[in-house]
Amino acid sequence: MRIQLLSSLFLFSYGSYLYRVSSQPEHASFPPRGWNSYDSFCWILSEEDFLQSAGIISQRLKPYGYEYAVVDYLWYRKNVPGAYPDSLGFDVIDEWGRMIPDPDRWTSSKDGKGFTEVAKKVHSMGLKFGIHVMRGLSRQAYDANTLILDTTTGRAYEESGRLWRAKDIGIKERACAWMSHGFMSVNTKLGAGRAFLRSLYEQYAEWGVDFVKHDCVFGDDLDVEEITFVSEVLQKLNRPILYSLSPGTSATPTMAKDISGLVNMYRVTGDDWDTWGDVAAHFDVSRDFAAANKIGAKGLLGRSWPDLDMLPLGWLTDPGSNRGPYRMSNLNLDEQKTQMTLWAMARSPLMFGGDVRKLDEITYSLITNPFILEINSYSKNNMEFPYVTGTKGSTHKTTAHSQRSRRCLKEVGKSHAQFLDFTSCNHPKVNGWSIEALDQDLDQICWKEHMGSHEPLCLYKQKPLLSSDERLIYNQGELHLLASDGMEFCLDASPRKKRTSKEFKSGSFSPCRSDANQMWELNNNGSLISSYSGLCATVKSIDANVGNSGGVRSWIATGRKGEIYVALFNLNSEKTVISATISDLTKALPGKNLNATSCFGREVWSGKDFGEIKDSISMEWKEEVSVVSETVNSYLWSCVHLLFSRKPPRSHRRYRHSLIGTVSSQPEHASFPPRGWNSYDSFDWILSEVDFLQSAEKISQRLQPYGYEYAVVDYLWYRKNVPGAYPDSLGFDVIDEWGRLIPDPDRWPSSEDGKGFTEVAQKVQSVGLKLGIHVMRGLSRQAYDANTPILDTTTILQSHKHCHHKNRLGRAYEESGRLWRAKDIGITERACGWMPHGFMSVNTKLGAGKAFLRSLYEQYAEWGVDFVKHDCVFGNDLDVDEITFVSEVLQKLSRPILYSVSPGVIPTPVMEKDISGLVNMYRVTGDDWDTWGDVAAHFDVSRDFAAANKIGAKGLLGRSWPDLDMLPVGWLTDPGSGRGPYRMSNLNLDEQKTQMTLWAMARSPIMFGGDVRRLDETTSSLITNPFILEINSFSTNNMEFPFVTGTKVSAHKTTNHSRRSRRGLKEVGTSQTQFLGFTSCNHPKVNGWSIKALDQDLDQICWKESMRSHEPLCLYKRKPLLTSDGRLIFNQGGFHLLASDEMEFCLDASPRKKRTSKAFNSGSFSPCRSDANQMWELSNNGSLISSYSGLCATVKSIDANVGNSGGVRSWIATGRKGEIYVALFNLNSEKTVISATISDLTKAFPGKNLNATSCHGREVWSGKDFGEIKDSISMEVEMHGCALFVLNCP
């Protein structure tokens, strides 16, 4: 078997490896990813356009790792008539000659603010801010002869008894070649020159810049001295700034050797625009840099990456134009796929250039393709692969594949062309120049070496011109070089205009001038050196029919799981079959014995599964086949990406998006369901700083590209991990003098000296994540017993607001002439139901109670916390007063903090009505662990909250989301175990798919709970499934869908689906059970309680309403217990409720231990105590109110055979492109065929006339394409499993 392809990319899985774990992340650990304004706005970008773009990047691209928003060049130029890229006199500079933003375009820059306000807004969106800067000094500052700022003194730079100015440091003769009226080099040998450059980059850091693109210093314009000094400055700054160089015309690996260790990315081509010639021009240079091991080499404080330039896709402008985006990219879809695949295989930085405000579906699917991003971030052994065959297609397709010719690319053409090139003078092949005398007055400089049979390339030599003041500006040995003896045009080291990637590198000639760009010196060793760049000239030859204009290419790489990627590229102007054998892959990857095994393959762009492959990879293109879109008919210069693994692929992974999100420069909180990782399921409470930071780095590397942005430390981070300590123990917590919990310094060593989580937050945020912590209700029992004073944060001097704890000058809270303490505000009778020795409510009606809570959350903000999970305040433990006040505090903080409340035992939509507007997410179930019962328990509650329109309702400064709890998949611990992860999830794969699908359809926050350090392939594919994440983030009209049929499969499977019985879930069982529930007292069905007297001393409280034929549920009533000091702690009308007249066990409003989701909500009874958790009051309207939570008791009934234990369920939703998602769930303990008709879908979507059309369907988990569907969808679903359909109905 042979491979037949236009072009393709293949992947083979063969093993795995671990990444280095570091709590001090290096710069640019992976190729940087972001957006740059140049391709869409040229230089006329405004603040409004930029912030709109940044808002969309945050919403739509940041989940895929696009984290930089970069303002490209001339942000300081006034956009007025006469201004263009190389004009003079239109720039805005300060008194020190430094560029500052044009205030007409960047309005927030006024009053010397620069980009400070813009950077803050970009950072608030979770992005990083970048700017483009030019070499050295502007011509405008030079002409004005501005003073130079000495940042060490804040005054003008002074040395040798005089002040220094711009003309003292500017080298006018070394003006930027392609912007000669714009910028020039500075003399870095002078202290004043270094001071000027230092003042520039320190100012960028003060503005909040995270990324600098430094232009006209590399390639033909190389300035090693300036790069070196700027790199030294950046290393000393107090904020990390990624350092990028540009342009890359004539760049070579030898040239890069001198600078790659000083920077983080560097351009290796000219400007890349949307022509096929520009794309094709990148193949040679990317090959050369990969072969030189420059991909991910050591760089500035981390790594460096050869940069193939921005991606000119989507909605663009024209190069050098004075207009914004107005047209679509000229590249066809196949050419765009080729570009994306080469950029991925070469691991180039990915900087999207199109207008994100008009980001179309096809462009979006290309730049967010998960395989492309995976290869770009994590692949290794990336190299060009020479062992491919290519046969151009004819009208009559050849089928005898085995007879096709095998030839390397260099054999395609025989005609050669010579061209001038420039490279580092350390290159071994630069010394081929010599002088040849023609006559007395005329000499030639000729290249004679390494030319074989070719004629030598010669240039005419001339003495240098004099400068305008008749000074000889160069050494006596320097000279001009001319193309002819007419002596009118001299050779430029760098062209006078910016070159695109495709432009032929034959040297450029322009009218002779007295500047360094045209000055050369011939050394005795035969090297010809440019006075402008320090590079040496050389001569190369290429095959005229090869390279950018034709042929086939291939790249290979290996993935994190051992898979092999093979990319086949067709650079010809007609269809071509490209082939490679498995045995040849072994030559390129000698460590892999592929001959001894077989591989499984999938082609990514088409989605075709090749199954098992033993000899070669092969794909045959038909003329009518399209890659991504049915409207695409062109396959010229196409690239196809194929994936192979030694195990069959588990799921179909194609990922596509569409439509434009909301544009906002002030994004709302929780616009989409939050996504992240929580430590509880894997570490219980014993998490350490080392474990957490290792986990955070893994999240950043593997999950952050999929929108997992929060890393959350769950409960008891303040508890000492010593013998005797457990969740409800007393006396083991670390508190400060104000009674506030602080991290245990033995587990969190960076918290010492009052730092709290400050350093942890900084490290988490430095890897692009946000830090979350778990906190409990109110006041700790330990602080109460110690009777600590209460901090009044309003007394802290503003200048000390951000000092560490021990340096703050706040005072104790004082009111009514006395100091207040913990025992004044703590309500011991309202201890947390499931942690009574741990925490209690505080009295929020007291100023001291409010002051205490304020001091907690202001401290969390000062630590840098981004997310708070507030526990024991919701569900059975509802504390509306505390939630309300905390929400008010969070609204006033200077940093956004997402607010989550927990637990969710017995919540109802009516209860939630009181708090959803105050928070961003709230638990609606008990703890979810890895049992089927816990998963199944979520169906009823998620249905109820969806039906009540609570999904994405108004929340704290944004939206709020019902939370189905963490995902206990992967490597876990046990609840309350006090040990770390040690076992795999007990849920089987079908049950895990059911859980992921329900969480997605209900749009629950997705908080992964497993140990990310041991994230296996199966778990990773589940939690990053693109369809699941798309539904979770962007779907609408989410609801349970009742119109489904389910037939259990017997040993002899019935196939006549049309005769299967149609019944709702409630018809499955008839036996009913009563249970106690608790809900908001605003609920219309809580007033069914009344007193029934039994005798003189004994009464019952009975529920008689809405029970139909059931016997009433009754509890025994008795007077309240007294406290130990004989006080009656509640109103005279309060009482205990007992299950029997033995009066030993009383009804708890909240259980004495944490409940899982599957635990039956029938109320809990425990030995009677004198606290609010067991105190009740009967109102005149027949409602039974808890003194602990303020909730009302009610009685419900359920079918005994329905719910958690059996039946079928279905959910539906609509997607952003109008697609319909249908999820079918089998809750039975045996296989069940589940069906739904298209006509019934119309009932759920009255606005869609689905009866008048047909739908195209695909099932996500199996990858099965159902083709055209006219009447119904039906699928056999494994027990506890699910099917997820995507229907496209025109």
(request) Kindly write out the residues that satisfy salt bridge (Lys or Arg N to Asp or Glu O under 4.0 Å) with K128, not counting sequence neighbours, or none if the list is empty. (result) E67
(message) Distance to the ring centre below 6.0 angstrom and angle to the axis at most 45 degrees; does that hold for R33 and Y66?
(response) yes
(request) Look at the rings of W343 and H282 and say which category their plane angle falls in: under 30° parallel, 30 to 60° tilted, over 60° perpendicular. (result) tilted
(request) Please report the C-alpha distance between Y38 and W273 in whole Å, then the side-chain angles of each, then the deciding distance to 0.1 Å, and finally whether the ring-ring contact (aromatic ring centres under 6.0 Å, His included) criterion is met. (result) CA-CA 11 Å; Y38 179 68; W273 277 93; 5.6 Å; yes
(message) Could you measure the distance from the CG atom of L333 to the OG1 atom of T338? Nearest 0.5 Å is fine.
(response) 9.5 Å
(request) Find out whether V212 and I241 are in side-chain contact, i.e. whether some heavy atom of one side chain is under 4.5 Å from a heavy atom of the other. (result) yes
(message) Has S554 got a side-chain atom pairing as donor or acceptor with A567's backbone, closer than 3.5 angstrom?
(response) yes
(request) Drop me the distance from D215's CG to H132's NE2, to the nearest 0.5 angstrom. (result) 3.5 Å
(message) Can you tell me how far apart CG (D307) and OG (S286) are? Round to the nearest 0.5 Å.
(response) 12.0 Å
(request) Could you tell me whether a side-chain N or O of R135 sits under 3.5 Å from a main-chain N or O of V217, the two making a donor and an acceptor? (result) no
(request) Could you pull out all residues at least two apart from Y68 that satisfy ring-ring contact (aromatic ring centres under 6.0 Å, His included)? (result) F211
(request) Just jot down the side chain to side chain donor-acceptor pair (under 3.5 Å) partners of N525, sequence neighbours excluded, or say none. (result) S527
(request) Taking S348 for its side chain and L308 for its backbone only, find out whether a donor-acceptor pair lies under 3.5 Å. (result) yes
(request) Give, for atom CD1 of I375 and atom CG of N369, the distance between the pair rounded to the nearest 0.5 Å. (result) 8.0 Å
(request) Using a 4.5 Å cut-off on heavy atoms from C-beta on, say whether the side chain of D39 contacts that of F352. (result) no
(message) I want to check something: taking the side chain as every heavy atom from C-beta on, are L313 and M340 in contact at a cut-off of under 4.5 Å?
(response) yes
(request) Quick one: list whatever passes side-chain contact (heavy atoms from CB on, under 4.5 Å) with A28, sequence neighbours left out. (result) P32, L242, N264, W305
(message) Rounded at 0.5 Å granularity, tell me how far CG in L311 sits from CG in D274.
(response) 11.5 Å
(request) Look at the rings of F289 and Y266 and say which category their plane angle falls in: under 30° parallel, 30 to 60° tilted, over 60° perpendicular. (result) tilted
(message) Tell me if a side-chain donor or acceptor on N332 pairs with a main-chain N or O of Q336 at a distance below 3.5 Å.
(response) no
(message) Can you list everything that forms a side-chain contact (heavy atoms from CB on, under 4.5 Å) with P240? Sequence neighbours excluded, please.
(response) H27
(request) List in chain and number order the residues that pass ring-ring contact (aromatic ring centres under 6.0 Å, His included) with F385, two or more places apart in sequence or in another chain; answer none if no residue qualifies. (result) Y387
(request) Check whether any side-chain heavy atom of S231 lies under 4.5 Å from a side-chain heavy atom of T228, and answer yes or no. (result) no
(message) Regarding T341 and W605, do their side chains bring together a donor and an acceptor under 3.5 Å, going by distance alone?
(response) yes
(request) Sequence neighbours left out, what passes side chain to side chain donor-acceptor pair (under 3.5 Å) with T252? Give chain and number order. (result) T423
(request) Say whether, by atom type as modelled, one donor and one acceptor occur between the side chain of R347 and the main chain of I295 under 3.5 angstrom. (result) no
(request) Kindly write out the residues that satisfy salt bridge (Lys or Arg N to Asp or Glu O under 4.0 Å) with E226, not counting sequence neighbours, or none if the list is empty. (result) none
(message) Measuring only between side-chain heavy atoms, which start at C-beta, is I556 closer than 4.5 Å to L589?
(response) yes
(request) Would you confirm whether N382, through its side chain, and A346, through its main-chain N or O, come within 3.5 Å as a donor-acceptor pair? (result) no
(message) If the condition is side chain to side chain donor-acceptor pair (under 3.5 Å), which residues does Y243 pass it with, not counting sequence neighbours?
(response) H214
(message) Whether the T269 and D309 side chains hold a donor-acceptor pair (N or O, under 3.5 Å, no angle test) is what I'd like checked.
(response) no
(message) Can you list everything that forms a salt bridge (Lys or Arg N to Asp or Glu O under 4.0 Å) with E232? Sequence neighbours excluded, please.
(response) none
(request) Kindly check if the number of other-residue, nucleotide or ligand heavy atoms within 6.0 Å of NZ (K257) is above 12? (result) no
(message) List the residues meeting side chain to side chain donor-acceptor pair (under 3.5 Å) with T363, not counting sequence neighbours, and say none if there are none.
(response) D360
(request) State whether the side chain of W35 and the backbone N or O of G354 hold a donor-acceptor pair below 3.5 Å, judged by distance alone. (result) yes
(request) Look at the side chain of T391 and the backbone N and O of T389, then say whether any donor-acceptor pair between them is shorter than 3.5 Å. (result) no
(message) Within the structure provided, determine whether L571 and R553 are in side-chain contact (heavy-atom separation under 4.5 Å).
(response) yes
(message) Holding to side-chain contact (heavy atoms from CB on, under 4.5 Å), I want the full list of residues that pass it with S530, two or more places apart in sequence or in another chain.
(response) A493, W520, Y532, S533
(request) Taking the side chain as every heavy atom from C-beta outward, state whether V224 and L222 have any pair of such atoms under 4.5 Å apart. (result) yes
(message) A side-chain contact here means heavy atoms from C-beta on lying under 4.5 Å apart; do T581 and D584 qualify?
(response) yes
(request) Find the distance between CZ (R267) and OG (S244) and round it off to the nearest 0.5 Å. (result) 8.0 Å
(request) Examine the side chains of Q339 and D272 and answer whether a donor and an acceptor come within less than 3.5 Å of each other. (result) yes
